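Note on naming: letters A, B, ... go to the chains in the order of the sequence lines (proteins, then strands), and numbering restarts at 1 for each one. Everything quoted here is computed from the prediction, not taken from an experiment.
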Number of protein chains: 2
Amino acid sequence: MLRFITSIPRYINKSQMFSYKRQLSTTRLVKNKFTWKLMCLGAISSGFYFIYISIQNGYTAERKKKVIVLGSGWAAVNFIRNLKPELYELSIVSPANYFLFTPLLPSVTVGTVEVRSVVEPIRNLIHKKHKNTVNFYEGECIDVDVENQTIRCKDNSAILGSKSEYTLDYDILIVGIGSDNATFNIPGVKQHCHFLKSVEDACKLRNTVMDCFETAAIPGQPQNEIERLLHFVVVGAGPTGVEFAAELRDLVRDDLKRLYPHLINYCKVTLVEALPQILNAYDENIKEYTTNHFKKDGINIWTKHMVTKVEKNCVTVKKMETNELIEVPFGTCVWSTGIAPQDLTKKIMKKIPGQTNRHALLTDYYLQVKNSNGHIYAMGDCCTIEQRKLLSDVKEIFTEADKDSDGKLSLEEFKAAMEHARYKYPQICKHFSGEDWDNSLQSAFNEADANADGCLGIKEFEKLLKTVDNKLTSLPCTAQVASQKGKYLGKLFSQHSDVIGEASDLSEQGVKQFEYNHMGMFAYIGDDKAVLQFPVIGSFKGLGAMYLWKAAYFNESVTTRTKCLILFDWIKSRLFGRDTSRI
Amino acid sequence: MLRFITSIPRYINKSQMFSYKRQLSTTRLVKNKFTWKLMCLGAISSGFYFIYISIQNGYTAERKKKVIVLGSGWAAVNFIRNLKPELYELSIVSPANYFLFTPLLPSVTVGTVEVRSVVEPIRNLIHKKHKNTVNFYEGECIDVDVENQTIRCKDNSAILGSKSEYTLDYDILIVGIGSDNATFNIPGVKQHCHFLKSVEDACKLRNTVMDCFETAAIPGQPQNEIERLLHFVVVGAGPTGVEFAAELRDLVRDDLKRLYPHLINYCKVTLVEALPQILNAYDENIKEYTTNHFKKDGINIWTKHMVTKVEKNCVTVKKMETNELIEVPFGTCVWSTGIAPQDLTKKIMKKIPGQTNRHALLTDYYLQVKNSNGHIYAMGDCCTIEQRKLLSDVKEIFTEADKDSDGKLSLEEFKAAMEHARYKYPQICKHFSGEDWDNSLQSAFNEADANADGCLGIKEFEKLLKTVDNKLTSLPCTAQVASQKGKYLGKLFSQHSDVIGEASDLSEQGVKQFEYNHMGMFAYIGDDKAVLQFPVIGSFKGLGAMYLWKAAYFNESVTTRTKCLILFDWIKSRLFGRDTSRI
């Protein structure tokens, strides 16, 4: 446009201008000099307007911030879905070109649900929301250059091109790479155990279960070997371990009993847990119900047992009450004891000062990675929100609040201080119920005022803050938290694109902090029964809970395609049984 | 039973016998000695009858012949389904614990149909037909001891017990182990090509296709590498190669075009075939139609091109007309040029005398392996029926037919000879149409009688037999032939259990020979079009043919479960597109 406008003088010399003028004068519209001048003015001003718009556009285009998302899990997908596509130049880098619906992985291990029903190609999701304005690159990020704002990625798949490593630069990096399996450095775990984190894990486990049965069925297999092969040990009795044990028990009862009748009495499932009870995070009545249900179903529960070593066909377990070591032969050992940071997470932690948490990237309440100057965000299992303790800042808070510097806080001073600090220390909001804010502040004040002098001394204030700090708990590493974080960041990036990636304090920009909204916990415990625990209405158990569990997962499934597939799988496995092919 | 009968004298001594008699005499029925004697006689004869039956049963139980089936493919499954379960002690040995519906493998490679929809656990099939009276053992048969009638098997799966090799003895062994891929010793084929025979092949190929696209999409991938990665070379333009090329083209057009719009113009499919045309076994009009359809669809067809070498990313092709060597870079190379015998087939061939065919086990028309004394049968791709040429036995046939030893055959002598030889040489039946048997013999006789003397000299007779021998063709190695052979053997074993496994000539027992009933050939050629060729009614092409193709495969699918799954997959991929996850 610029060239077009400026080209007029170059192509029109004086004589031409004359003929140009003459041409114009021949028109009906141009009847006098005034009109002619007016037209020239109009043309020139339009020209300038076009120049302005073009520059503006060019400027905006240049200024579109480059955002790179690492990962294609719960957090990443919810980020993409909540982002306004036109605001950024977005790229996604992940070794997997699909999103995996992790909560149904235990069902995949036995074929209640098929593996293709719990994955959705990430490009499908991108295409639906953003057409082709978002880039997806297959690869694993192997390093982040925090200073130069670049990442180094590597294609670690089987098919490689001449370029298999590449560098991308970013304005904002969002780390959502999830977590690894926690093995607590127990020898042999990585070599001999199955995990339940990825699609490969689930497929491999499904084939291993069937392989154990087929190998046990070989003619002349000694009885002790049959017993070993058909002993399934599950280490870790959290929801994943419990659900796998339950699904396995279902498979055995519903399908394998019919197909391997001579072997079925040898089959044994043992759940090993270091804590005193299974499903530790759940309510007492749920723990008890599940324990009884499992016992009735023939699943051995070994709580207060700790694995000390895993060998090829044998796991060594320490009975914690007596320190007795027991060797347990197994055919399949499944490890589901929790999570550990990925190598890349550890690498990034080392590069950024003040990352004092050993297990995850520390972020603030806006999910900005601490000390990353607003250039790195993190979501999902790889990060945790740094929760500032009021107690560690008690002196500053007190001094600032004590407006009249009398060494004491009046009720008014206390109220003002809490009002001021509530955004920096979200535990304040949790402690003093929001609706009855004033009253609950007053009653806390009165309660803390031990000497009843109508004021709080520093000691009294400190004691009060300690109670408030008790409300601090880290968020669990669940799909629910990850997806809420992703959704939050997607909205944040859409609504505040001007301040994103700038090293500014988001709390000063009136930006809403991340708040986790706990929707409840579910676990399938086998034989058409589930346990649910909701935050306010309490817990549910049994068949009805199983339908609620199914409904919730059906609803949470990311696309209509996966919804249909999961539903069909449930019907299919009910009608025809599970597929026991070892493929 | 025996014990019960013989116990009478022991427990009844003389005095007891007296009281016994007295008891009997008190009854109304026993009124005189004659009646009493009659009753004793009846009791004794009943006793003997029971003894006879018991021995008979015991004898039969002992004599239940041990049948081992090697393999779990088309032939094995059809054998099991047509066998009367109570007649034999049946064991099945196969490295795969499932039956694979091979005709849909090309669809599995691109996700039109899911892999679990084309497999059915062999134990499900056994359970349905025979409950648990049939044994299934996972393992690969590694050797056959023909003399001692034992087989040696090995578990070659990932999970091994302390016993991973085992020996089984048999009365009758049925070999149905299928075939390997023919590579014609061309270097690099095994290392760098994909095949389309097994479930693993299809899954690997599906992931490789997606991996090629993802690797091509890596930022900064050079253009020549993108072109290489997206070049799919298919060697062998039989039905499998053609169907894979067609399915791949569908995948690209229906799904990948939308998801990888910037790459789609680089994608190229090339079909390499040594013969002058694709789909060699089909009618001329089908070949032409498919060639035109492929050309319109952008698939390159290189007929009269022979692969001479395969390297990691490059296949060397010789243009047969000019002997020019062309190097063709590829991302994926699929090899579907035919079949070769399995190692075990070759091993068995070496152990049995007279196995002169290099590619397959020679059987007679009852599928008995030649020179196996009736102890080994074979079915499916691993065997071929030895077709006796009339010409090679011409002298014996002539001498035997020439009853009056005048050195000539009269019409009557000729007719009698053909009638006698028709079972040994099935080409006779093929040549002289069955309905008009007499007339067609007579006209052939007249035609052969060159000197019109009303008799056939040996030269004239020889010429006639040569024409008859021209009707000899080997059966193709298809699922259709395999399943018909399996079905035939199942029925044969059920109806003639008395002569099975005995070294007797089945032709003398009035046993029906195997006859192949050709039902037609199908191939899907992409874009909702198929080609069909039926033996009498001719060929069909286009959309209607595609529906016929789908209907036939739906119908041939082994269980209601797989029928439902295949149907659902077809609907699913039409509604939601194919799943492009690389898992």
Side-chain angles (χ1 to χ4, degrees), chain A residues 96-98 111 114-116 119-121 123-124 127 132 135-139 155 157-164 166 168 199-200 203 207-208 210-212 214-222 225-226 228-229 258-262 331 560-561 564-565 568 572 576-577 579-583, chain B residues 96-98 111 114-116 119-121 123-124 127 132 135-139 155 157-164 166 168 199-200 203 207-208 210-212 214-222 225-226 228-229 258-262 331 560-561 564-565 568 572 576-577 579-583:
Chain A
N97 75 346
Y98 54 84
E114 292 300 337
V115 66
R116 293 269 173 189
V119 298
E120 182 67 44
R123 287 180 191 271
N124 269 2
H127 187 80
N132 287 302
N135 305 308
F136 173 79
Y137 301 127
E138 187 193 51
D155 178 8
S157 66
I159 302 286
L160 298 179
S162 63
K163 193 168 183 77
S164 63
Y166 53 95
L168 298 171
V199 163
E200 294 80 30
C203 292
N207 282 334
T208 302
M210 288 322 307
D211 204 353
C212 282
E214 288 300 353
T215 302
I218 274 180
Q221 197 68 269
E225 269 296 90
I226 296 178
R228 175 186 74 74
L229 285 161
R258 184 173 46 93
L259 300 176
Y260 304 81
H262 56 302
T560 315
R561 193 187 73 88
C564 287
L565 297 194
F568 179 75
K572 181 191 81 180
F576 303 115
D579 182 0
T580 57
S581 312
R582 184 180 62 79
I583 63 174
Chain B
N97 74 346
Y98 54 85
E114 291 300 336
V115 66
R116 292 268 174 191
V119 298
E120 182 68 45
R123 286 181 191 270
N124 270 2
H127 187 79
N132 287 301
N135 305 308
F136 173 79
Y137 301 127
E138 187 192 50
D155 178 7
S157 65
I159 302 286
L160 298 179
S162 64
K163 191 167 184 75
S164 64
Y166 54 94
L168 298 172
V199 163
E200 294 80 29
C203 293
N207 282 334
T208 302
M210 289 322 306
D211 204 353
C212 282
E214 289 299 353
T215 302
I218 274 179
Q221 197 67 269
E225 270 296 88
I226 296 178
R228 175 185 76 73
L229 286 160
R258 184 172 46 92
L259 300 176
Y260 304 80
H262 56 301
T560 315
R561 193 188 74 88
C564 287
L565 297 193
F568 179 75
K572 180 191 80 179
F576 303 115
D579 182 359
T580 58
S581 312
R582 183 178 64 79
I583 62 175

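- Of the residues considered (A:K163, A:R116, A:E225), A:R116 shows the highest number of contacts with chain B, using heavy-atom pairs under 4.5 Å.
- Contact tally against chain B (heavy-atom pairs below 4.5 Å) for A:H127, A:E114, A:R123: the top residue is A:R123.
- Ranked by non-hydrogen atom pairs under 4.5 Å with chain B, the options A:A217, A:P222, A:P261 are led by A:P261.
- Between A:F568 and B:L565, the shortest heavy-atom distance links the atoms CE2-CD2, 3.6 Å.
- Atom-to-atom distance recorded for A:L259:CG and B:N124:CG is 5.0 Å, nearest 0.5 angstrom.
- Only the side chain of A:E200 comes within contact range of chain B, with at least one heavy atom under 4.5 Å from a heavy atom of that chain.
- Side-chain N or O atoms of A:R561 include none that pairs as donor or acceptor with a backbone N or O of B:K572 at under 3.5 Å.
- When heavy atoms are compared at a cutoff of 4.5 Å, B:A96 does not approach chain A at all.
- At a 4.5 Å heavy-atom cutoff, the contact between A:N207 and chain B is made by side-chain atoms alone.
- Proximity to chain B (any heavy atom under 4.5 Å) is restricted, for A:R228, to the side chain, taken from C-beta onward.
- If you measure heavy-atom distances from A:Q221 to chain B, the contacts under 4.5 Å come from both the backbone and the side chain.
- The most heavy-atom pairs under 4.5 Å with chain B, out of A:D579, A:I226, A:V115, come from A:D579.
- Both the backbone and the side chain of B:I583 come within contact range of chain A, each with at least one heavy atom under 4.5 Å from a heavy atom of that chain.
- Of the possible polar contacts, none joining the A:S157 side chain to the B:D211 backbone as a donor-acceptor pair under 3.5 Å is found.
- Of all the heavy atoms in B:I159 and A:G331, the pair that sits closest is CD1-O, 4.3 Å.
- Residue with the most contacts toward chain A among B:C212, B:S164, B:S162: B:S162 (heavy-atom pairs, distance under 4.5 Å).
- Your options are A:S581, A:P121, A:C564, and the one with the most heavy-atom pairs under 4.5 Å with chain B is A:S581.
- The residue among A:N97, A:I218, A:V119 with the most heavy atom pairs within less than 4.5 Å of chain B is A:N97.
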